[in-house]
2 protein chains.
Amino acid sequence: MTLKELSNILGLSPTTVSRALNGYPEVSEATRKRVAAAAREHGYAPNTRARSLATGRAMAIGHVIPISAKHEMVNPVFGDFIAGAGEVYSRNGYDMLLSVVPDDDEDSAYRSFITKRNVDGIILHAPTLNDPRIPLLNSLGLPYVVHGRSSDTDASYAWVDVNNKRAFQRATEFLLDLGHRRIALVNGLEHMDFAIRRRAGYEAALTARGITPDAALMFAGEMTEAQGHDLTRTLLAQPNAPTAILVSSMITAIGVRRGIEEMGLRMGRDVSLITHDDELSYFRNGADIPVYTATRSSVRDAGRKAAQMLIDIMQHRDSPREILLEADLTLGLSTGPATPLHAGTR
Amino acid sequence: MTLKELSNILGLSPTTVSRALNGYPEVSEATRKRVAAAAREHGYAPNTRARSLATGRAMAIGHVIPISAKHEMVNPVFGDFIAGAGEVYSRNGYDMLLSVVPDDDEDSAYRSFITKRNVDGIILHAPTLNDPRIPLLNSLGLPYVVHGRSSDTDASYAWVDVNNKRAFQRATEFLLDLGHRRIALVNGLEHMDFAIRRRAGYEAALTARGITPDAALMFAGEMTEAQGHDLTRTLLAQPNAPTAILVSSMITAIGVRRGIEEMGLRMGRDVSLITHDDELSYFRNGADIPVYTATRSSVRDAGRKAAQMLIDIMQHRDSPREILLEADLTLGLSTGPATPLHAGTR
DNA sequence: TTGAAAGCGCTACCAC
DNA sequence: GTGGTAGCGCTTTCAA
């Protein structure tokens, strides 16, 4: 069913039908009703391609999802972000275009979005320190919003971010309050902006209590299970092992837990683990493990906010261009002590 | 840069330039070279919208990602599947359109894809028992491939699936080999087809050893951490507790682990856990926990295969319409005994 | 081997 | 308030 066919059925011109359907004011109420009814009856919906060719707007937004070229891993938070953004898009009539590319070849994806002209805007994921894509997009002149921030960039840009620094600062403080002094940090790769901020929060909390961050307790790497496992075994086998571990990713945390298990240690008794994800919904059961954060829901919320911001930008609506979300922190109580561990405890 | 502008620069007609760029045979080699060079130089790429309006092909494929209306959770495997599919799409010039919808309102997404005519094909995710979307899509006449299968459906359809039954059968056999007799199953919701097949595998393995599946040890629910945690506590507090737990999801397994920790039990000593995900990469370290599967990579592979199959269908190419992938099983060895647990062990 | 022109389905300008 | 019509940028006959 095309606009022309529909207008023939109605005995109206395509012009009028189009106007009626698109809410133009100069159409009589009676006609509008009649047109709407006929459209519904015949299951008419405008052809997106034709419309966007005529209007010049693609009514679509592009997401470039980088995957680690090495591990072929997709960061699970993207799913949450995408879900939040998708909600807002569909409410506003936008389509979501996804482009999954190895993280060593992202530029081409952006350029292709632009030259093929099939999106009106872009969400930029996983920004790094001084991210080169920001000046690239600025020069290309395509509206965009960054999911995260990029430290050390001169360029200005619109962004939505979770307060990673504050979240990690609070988590660290929590462990300090429990008496822990040797707290390890298992972080993401530190060219990623979020990882830099998380470390900053961790260090700030330690420093505020007069503890000098110990390089031997800080790790940055790909957020895989294996990484978490291997690091944990190494860490806990040290003569001066940490009593608590702060982990930057749910996936890595699985490996960390396994490492702890393998060492024959018990969570909450021998070692405390805080993971940066919402493992908290069942905390009510009186677990003796400190539990922290809710990034999954924060990330979904960030998706909603970023999508709305981008739409506002594209439609020249005035609204904030920088949004910092708190990670909806919830901390549990631990009954576990903070005694040092020794090699070979197992 | 439009085709017309480019043709003006070259002193050729748009027709010729179009033909040269699209590999039509009647263009002279010299012209083709000249055109290609100019296109590259001026960064010309055809406007997707215009092209697809002219050809009638959208050059895009739609994915409808259902999210649990209750939990707002996105199944992490979608990320892996999408990544695999995206790879194939971009190699073949297709865009990927994502539509994230609550699982109680999926029909509208399919219909909208079709009426708006912005995709040439669809990948159907998360099929249920006798999934109504299959006849719907058959009647709509849009090419599609199912990621998974739908038991009890008369209709025929193209699909790519992982061998869930065999994977769970093997995992169960592995636990049986270790001496376990009371093995719990923490499964996904059993209107989902994959969950039905997993249970079938579990039951088949038990039955083959003369063990009658015990309804008190089988659970089906949303695959959340909380679910895994609560179930595990309940399970292990029973007088006749299981000695091993087979878990259907990486996320749920996190909760199960926590439940085990909270009960004061030790993995591999008091209880064995097998999770359906690739926790195996670091098994070489001599963990004493049985470890199983590699769905993440299988799922990515399924994404690739499904995308290719859909493209083949759309381009009327002959190829298999049903692909069953093995889950790339790797089983570790457990040193854990299979002794019964008692309430209050903690 | 190349080009002119129609048309994909829609919007938007200009008349009435 | 309604309708005619010229494009949007491309592909695809048909003619040369």
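These numbers were taken from a predicted model, which means no experiment stands behind them. By convention in this document, chain letters (A, B, ...) are assigned in the order of the sequence lines, proteins followed by strands, and residues within each chain are numbered from 1.
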S.K.: Rounded to the Å, how far apart are A:Leu21 CG and C:dG9 P?
M.R.: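 A:Leu21 atom CG is separated from C:dG9 atom P by 16 Å.
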S.K.: Hey, is B:Arg149 close enough to B:Asp193 for a salt bridge, meaning N to O under 4.0 Å?
M.R.: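 Answer for the salt bridge query: no.
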S.K.: Is there a donor and acceptor pair, one atom on the side chain of A:Arg32 and one on the base of D:dG1, closer than 3.5 Å?
M.R.: no
S.K.: Reckon B:Arg51 has a side-chain N or O less than 4.0 Å from the OP1 or OP2 of D:dT11?
M.R.: yes
S.K.: I'd like to know if the side chain of A:Arg32 and the backbone of A:Ala20 have a donor-acceptor N/O pair within less than 3.5 Å.
M.R.: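 The answer is yes, because a donor-acceptor pair under 3.5 Å joins these two groups.
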S.K.: Starting at atom CD of B:Glu26, determine the distance to atom C1' of C:dG3, rounded to an integer number of angstrom.
M.R.: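 Rounding to the nearest Å, CD of B:Glu26 and C1' of C:dG3 are 12 Å apart.
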S.K.: Between B:Leu53 (CG) and C:dC10 (C1'), how many Å, whole number?
M.R.: 8 Å
S.K.: In whole angstrom, what separates A:Glu5's CD from C:dC10's C1'?
M.R.: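 Answer to the nearest Å: 13 Å.
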S.K.: Taking the six-membered ring for Trp, are A:Tyr89 and A:His63 ring centroids under 6.0 Å apart?
M.R.: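 Distance test on ring centres: under 6.0 Å, yes.
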S.K.: On a plain distance test, is the side chain of A:Thr15 in donor-acceptor contact with the base of C:dA12 below 3.5 Å?
M.R.: yes
S.K.: Pick the nucleotide of DNA chain C nearest each of A:Arg57 and B:Ser13; which residue has the one closer to the 5' end?
M.R.: B:Ser13
S.K.: Determine: side-chain N/O of B:Thr16 to OP1/OP2 of C:dT2, distance under 4.0 Å, yes or no.
M.R.: no
S.K.: Considering only C:dC10, D:dG9, C:dT11, which nucleotide approaches the side chain of A:Thr55 most closely?
M.R.: C:dT11
S.K.: Rounded off to whole Å, could you give me the CG-to-P distance for the A:Leu3 and C:dG9 pair?
M.R.: 11 Å
S.K.: For A:Asn22 and B:Arg19, find the nucleotide of DNA chain C closest to each by heavy atoms; which residue's nucleotide sits nearer the 5' end?
M.R.: B:Arg19
S.K.: How about A:Arg49 and A:Asn118: does a side-chain donor come under 3.5 Å of a side-chain acceptor?
M.R.: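 No donor-acceptor contact under 3.5 Å links the two side chains.
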S.K.: Using a cut-off of strictly less than 4.0 Å, decide whether B:Ser18 has a side-chain nitrogen or oxygen near OP1 or OP2 of D:dT11.
M.R.: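 Checking B:Ser18 against D:dT11: at least one side-chain N or O falls below 4.0 Å of OP1 or OP2.
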S.K.: Do the side chains of B:Val145 and B:Leu124 get nearer than 4.5 Å, heavy atoms only?
M.R.: no
S.K.: So what does A:Ser52 touch, heavy atoms closer than 4.0 Å: a base, only the sugar-phosphate, or nothing?
M.R.: nothing
S.K.: Can you check the B:Arg117 CZ to C:dC10 P distance for me, whole Å?
M.R.: 7 Å
S.K.: For the pair made of CG in A:Asn8 and C1' in D:dG3, what is the distance, rounded to whole Å?
M.R.: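 In whole Å, D:dG3 C1' lies 13 Å from A:Asn8 CG.
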S.K.: Between D:dG1 and A:Ser28, is there an OP1 or OP2 to side-chain N/O distance shorter than 4.0 Å?
M.R.: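 No, outside the criterion.
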S.K.: Expressed in angstrom and rounded to an integer, what is the separation of A:Lys4 atom NZ from C:dC8 atom P?
M.R.: 6 Å
S.K.: Should A:Asn47 be listed as having a side-chain N or O under 4.0 Å from OP1 or OP2 of C:dC8?
M.R.: no
S.K.: Are B:Thr31 and C:dT2 close enough that a side-chain N or O sits under 4.0 Å from OP1 or OP2?
M.R.: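 Result: yes.
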S.K.: Using only heavy-atom distances, decide whether a donor-acceptor pair under 3.5 angstrom links the side-chain of A:Arg49 to the base of D:dG9.
M.R.: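 Side chain to base: no pair below 3.5 Å.
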S.K.: Is the backbone of A:Met192 close enough, under 3.5 Å, to the side chain of A:Thr128 for a donor and an acceptor to pair up by distance?
M.R.: no
S.K.: Given D:dT12, is OP1 or OP2 found less than 4.0 Å from the side-chain N or O atoms of B:Tyr24?
M.R.: yes
